[in-house]
Amino acid sequence: MRSLSNTLNTEIDKTVQVSGWVNSRRDHGGLIFIDLRDHTGVVQLVITPETAEAFAVAEGLRDEFVVSATGLVRERAPELKNPNIPTGDIEIVVDTMQLINRSEPLPVNTHDEGDLSSEELRLKYRYLDLRRPSMQNVLKRRAEYYRIMRRYMDEHDFIEITTPILANSSPEGARDFLVPSRLHPGQFYALPQAPQQFKQLLMVGGVPRYYQIAPCFRDEDPRADRLYGDFYQLDCEMSFVDDGEVVRQTMEPLIKQLVTEFANKELVSEDIPRIPYREAMEKYGTDKPDLRYDLELIDLTDGLKDCEFKVFQTPCVKAIRVPGGSKFTRKQIDEFTELARKNGAGGLAYILYENNTVRSPIAKFLQDKELQAIQDKTGAKDGDAVFFGADERDVVNKVLGAMRIAFAKELGLADENKIALCWIIDFPFYEWDDGVNKLDFGHNPFSLPKGGLKAIRETENKLDIVADQYDMVMNGYEICSGAVRNYNPEIMYEVFAVLGYDKEYVAAKFGGMLNAFKFGAPPHAGCAFGIDRMFMALESLTNIRDIVAFPKNGSGVDLMMNSPSMVDEKQLEEASLKIATEDPDS
RNA sequence: GGAAUCGUAGCUCAGUUGGUUAGAGCGCCGCCCUGUCACGGCGGAGGUCGCGGGUUCGAGUCUCGUCGGUUCCGCCA
């Protein structure tokens, strides 16, 4: 079937057949206009009473009816041209028209114009929501995005290999989706959270470079930038690589190409900075900084160490200078304060520099030399504002990290047409888990600690051990995570031993992989890009469900298909499962 | 699991300090209209104000609970 795109403009005075959906109907009594829509666009059909049969059909049409029509493509008179649509110079004078299918009145808005229906309804009737031109565009753009990635990976000698969907439960990380085994009652497969172990085994299997647009499954609560259930990664791995820099430099050109050519956006910096994790936390309060703007965290701890103001008598005092911030209203500052509290601060001290005076609820508690130190260190000028965080160091970083984003949003500093990339490197191998009050893996147990066995054994404070592990950040979104992998069983046992796990535990959990490492495993490194999230960032969207054809909602429910759902007793029996009946007393 | 916020017509929303018969735009139904393009005009139908309890002479409005949506925290190797 021919499309309704502007190629029709070249077929003036020809008879064409077109099909599509009724986008709108304008009935003038003796003359009817139909805007016919397909995936490529809209064209105006004109129906007059002279073609009586077609006219009768057109009179009965309503929004979203499916019709087919034949007619002459006619150039519109100059005053009748519509410059707002690509086919606005022409129209089709209908000769015959068939109603192919009717539509009930719609439960959702299928037009980009006007207010969108609630997301709940959009997801329940996703097949209608997908008819919107912007959603059609997303689907097409995504296919193009995939093509660019595949072409790049192919050209760089990566081999596309699919790995199993029915895999094994992994003890670390996110919650698994379990699949009962019929042939092995009481046993379960798990859907892979990532093809991590498989791709490492491919390296042992002699594959030099692997990639896959890999489905990943995690049973964790979703967010605006995190899908529930399944999502996709551009997953890759390279053998005989023992330096993360090689992986980073291999993948960077692809991401730059996606930014400049695919998304048609400006890179803030051609050189992609490498920022050690510690530095990122100190300067930006987060390991995924949005570098489209500065607003760095400035450490004032030393300058205020003798300060008698009680609020500043904390292990750490830092500040953010907000250029032009003195014009913040009382209400805005109250909202910032509320946000600071939500992130764990007691309050939000500030100084406004206005007309060469200092306006601040805390100025009276500070000595002149302290005010001077603040101004010197922050570089605050007239018209600026300085906001403070004072607490334990990690609390200050977290609070001011959140404030930094809020200030940028308020001032419109995050330019939609720009993309800022960076690599965060040198993640701590271990971190302290406050929840259970013990040491745990910072990211994952598969990366190689820098310094190897010696570092693991001899570093006094295990928190000082770093891994050759790296994340790529795009406009404040973590879009990639990778590492140089541990391919040495001895080191693997040792990194678990630090956490108190014995060899038997490690062997039971990672037996398949550890076994493989005994047989000449090459060094290898790789990474995985969260391509849903990256696509969202490239397209300047903020809801990740908007870029997926059939996403689940915030409760993990597919409103359209009604999953999850109950299954037959027979299916449960075959899977050797029993549903626990609720205790009526509880 | 926690917090914030929302839930009124098919859709998007308004609804004042609690007060007569709960409104608008779009959509739907009927009539009129030969140059509109989100056509226009006239008329009409359509509501258990998410659900349940409470306060009150009186609740869409206040209150408690509950269910559902969204966002954030926890969580996401």
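Every heavy atom of this structure was used, including side-chain atoms; hydrogens, water molecules and symmetry mates were not. A, B, ... follow the sequence lines: proteins, then strands. Residue 1 opens every chain.
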Using distance only, find each side-chain donor-acceptor pair of residues 482-491 of chain A under 3.5 Å and give its atom names and separation, not counting sequence neighbours.
unit_1  : atom_1 : unit_2  : atom_2 : d
R485(A) : NE     : E237(A) : OE1    : 3.3
R485(A) : NE     : E237(A) : OE2    : 2.9
R485(A) : NE     : A483(A) : O      : 3.3
R485(A) : NH2    : E237(A) : OE1    : 3.0
R485(A) : NH2    : G526(A) : O      : 3.3
N486(A) : OD1    : N488(A) : N      : 3.0
N488(A) : OD1    : E490(A) : N      : 2.8
N488(A) : OD1    : I491(A) : N      : 3.3

*With distance as the sole criterion, is a donor-acceptor pair present between the side chains of N9(A) and E75(A) under 3.5 Å?*
no
*Nearest-Å distance, CG (L116(A)) to P (C11(B))?*
14 Å
_In this structure, which stretches of RNA chain B are paired as stems of three or more consecutive Watson-Crick or G-U pairs, both distances less than 3.5 Å?_
B:1-7 with B:67-73, B:10-13 with B:23-26, B:28-32 with B:40-44, B:50-54 with B:62-66
Filtered N/O pairs between nucleotides 65-73 of chain B and protein, under 3.5 Å:
unit_1 : atom_1 : unit_2  : atom_2 : d
G68(B) : O2'    : E120(A) : OE2    : 3.4
G69(B) : OP1    : N553(A) : ND2    : 3.2
G69(B) : OP1    : S555(A) : OG     : 2.9
G69(B) : OP2    : S555(A) : OG     : 3.2
U70(B) : OP1    : G554(A) : N      : 3.0
U70(B) : OP2    : G554(A) : N      : 3.4
U70(B) : O3'    : R545(A) : NH2    : 3.2
U71(B) : OP1    : R545(A) : NH2    : 2.5
U71(B) : OP2    : R545(A) : NH2    : 3.4
C72(B) : OP2    : A224(A) : N      : 3.1
C73(B) : OP2    : R223(A) : NE     : 3.1

*Who are the side-chain hydrogen bond (donor to acceptor under 3.5 Å, both in side chains) partners of D287(A), not counting sequence neighbours?*
none
*side-chain hydrogen bond (donor to acceptor under 3.5 Å, both in side chains) partners for T51(A), two or more places apart*: none
*Give a yes or no on whether K409(A) atom NZ has more than 12 heavy-atom contacts from other residues, nucleotides or ligands under 6.0 Å away.*
no
*Can you list the residues that meet the salt bridge (charged side-chain N to carboxylate O under 4.0 Å, His left out) rule with D242(A), with sequence neighbours excluded?*
none
*With sequence neighbours excluded, residues passing salt bridge (charged side-chain N to carboxylate O under 4.0 Å, His left out) with K462(A)*: none
*In the 5'-to-3' direction, what one-character label does each nucleotide of nucleotides 39-50 of chain B receive under the scheme B = base within less than 4.0 Å of a protein heavy atom, S = sugar-phosphate only, - = no such atom?*
B-----------
*Output all residues satisfying salt bridge (charged side-chain N to carboxylate O under 4.0 Å, His left out) with D334(A), sequence neighbours left out; order by chain, then residue number.*
R330(A)
*Which residue pairs satisfy the ring-ring contact (aromatic ring centres under 6.0 Å, His included) criterion with at least one member in residues 25-63 of chain A, sequence neighbours excluded?*
H28(A)-F33(A)
*Partner set under salt bridge (charged side-chain N to carboxylate O under 4.0 Å, His left out) for D532(A), not counting sequence neighbours*: R142(A)
_Quiz question: by atom type and distance under 3.5 Å, do the side chains of S5(A) and T7(A) form a donor-acceptor pair?_
yes
_Is the positively charged end of K503(A) above the ring of Y493(A), judged by distance under 6.0 angstrom from the centroid and angle within 45° of the axis?_
yes
Dump every N/O contact between nucleotides 23-27 of chain B and the protein below 3.5 Å, one line per pair.
none

